[in-house]
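Scroll down for the structure; my scribbles are underneath it.
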Amino acid sequence: MRPDLLAPPPNPQVAEAWQRAWAGLVVAEDDLGPVATVAGVDVAYHDQSGELVAAAALLDARTLTVLEEVTVRDQAQFPYIPGLFSFRECSPVARAVEALSRRPDLIVCDGHGRAHPRRFGLACHLGVALDLPTIGCGKTRLTGAETPPGPDRGAHTPLLDGAEVLGATLRTQSGVRPVYVSVGHRVSLPTALTWVLHLAPRYRLPETTRAADGLVRRTPASPGTQPEAQP
DNA sequence: GCGACAG
DNA sequence: ATCTTGTCGC
């Protein structure tokens, strides 16, 4: 891991400068081995004091069964600012992933990767910080011009900034709004699309995201019992 | 100056 | 993200 990439920036201007520099560390090509496990990550804010709960859910890549769940509590170190989202959630999420008993072969993030103003969204940030393959899968668009994909499951169209392909809109289920897929780190866009579609056999969002989301929402922010791994 | 704006 | 009930549709 690279703790230097997880320190809270002093202000938005510095944060943007760091993103522009770190964007050069992103690998947008496939550099992953056999994928046996895929992790989903998410963060929930249970009160307005900045207290948060980050979670990592490890799934069997073939059966999509949840193999392990981990949650960590923390205090937000940076406000939510569109474009600087990763400085709020990357650190706690990275801690949750590292708390898993084994490193996942791939991580799907609840947010964008290269489909970002400076090409360094949460998925890129997390991937580079942990040096693990990551995919960005957001529910809404941040930047880029989109074209509605066809009505059937699997249909997809590029998310563009002029001639540059930032990612893609992907219809994971017929008749539902598409999700926004982009490269995070060490995964190509075609591979990212294939995985997100595979991970979303029944619902709009991938099972990895659903598992992590359900986990953070049922985890109390304050005291409570520390969740343990689920066999 | 007027919108747009991940979670 | 979070605050919140009922309701339209498959």
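To find a chain, count down the sequence lines: A is the first, B the second, and so on, and within it residues start at 1. Everything quoted here is computed from the prediction, not taken from an experiment.
The backbone N or O of A/Y180 sits nowhere less than 3.5 Å from a side-chain atom of A/E146 that would complete a donor-acceptor pair. Side-chain atoms of A/R153 come within 3.5 Å of backbone N or O of A/L197 as a donor-acceptor pair. The backbone N or O of A/D152 lies less than 3.5 Å from no partner atom in the side chain of A/S174, so there is not a single donor-acceptor pair. At least one donor-acceptor pair closer than 3.5 Å links the side chain of A/T172 to the backbone N or O of A/R204. Judged by distance alone, with hydrogens and angles left aside, the side-chain atoms of A/H112 form no donor-acceptor pair with the main-chain N or O of A/R119 at under 3.5 Å.
Residue A/Y45 is in sugar-phosphate contact alone, with no base atom involved, counting any heavy-atom pair closer than 4.0 Å across all strands shown. Heavy atoms of A/A44 sit under 4.0 angstrom from primed sugar atoms or phosphate atoms, though from no base atom.
Residues A/R210 and A/E207 are paired through a salt bridge, judged by an N-O separation under 4.0 Å between the basic side chain and the carboxylate. Salt-bridge formation is detected for the pair A/D110/A/K139: a Lys NZ or Arg NE/NH1/NH2 atom is positioned less than 4.0 Å from an Asp or Glu carboxylate oxygen. Salt-bridge formation is not detected for the pair A/R186/A/E29: no Lys NZ or Arg NE/NH1/NH2 atom is positioned less than 4.0 Å from an Asp or Glu carboxylate oxygen.
In this model, no donor atom of one side chain and acceptor atom of the other lie less than 3.5 Å apart for A/E89 and A/Y80. A/T169 and A/T157 are linked by a side-chain donor-acceptor pair at a separation below 3.5 angstrom, with hydrogens and angles left out of the test. A donor and an acceptor atom, one from each side chain of A/S101 and A/E68, are located under 3.5 Å apart. A/T191 and A/D30 are linked by a side-chain donor-acceptor pair at a separation below 3.5 angstrom, with hydrogens and angles left out of the test. Looking at A/T65 and A/D60, their side chains never bring a donor and an acceptor atom within 3.5 Å of each other.
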Base-pairing string, 5' to 3', of DNA chain B - Watson-Crick or wobble, under 3.5 Å, | interstrand: .......
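Taking CD from A/E69 and CG from A/L59, the interatomic distance works out to 9.0 Å, rounded to the nearest 0.5 Å.
Helical stems involving DNA chain C, defined as 3 or more consecutive Watson-Crick or G-U pairs under 3.5 Å, do not occur.
In summary, contact between chain A and DNA chain B, defined as any nucleotide atom under 4.0 Å from a heavy atom of the protein, begins and ends at B/dA4 to B/dG7 in the 5' to 3' direction. Think of the region where chain A sits on DNA chain C: with heavy atoms and a 4.0 Å cut, that region ends 5' and 3' at C/dA1 to C/dT2.
Within the structure, ring pair (Phe, Tyr, Trp, His ring centres under 6.0 Å) contacts touching residues 122-178 of chain A (residues at least two apart or in different chains) are A/W22-A/H125, A/F87-A/H125, A/F120-A/H125.
Listed by residue number, A/G121, A/L122 are the residues of residues 117-136 of chain A with a heavy-atom contact under 4.0 Å to DNA chain B.
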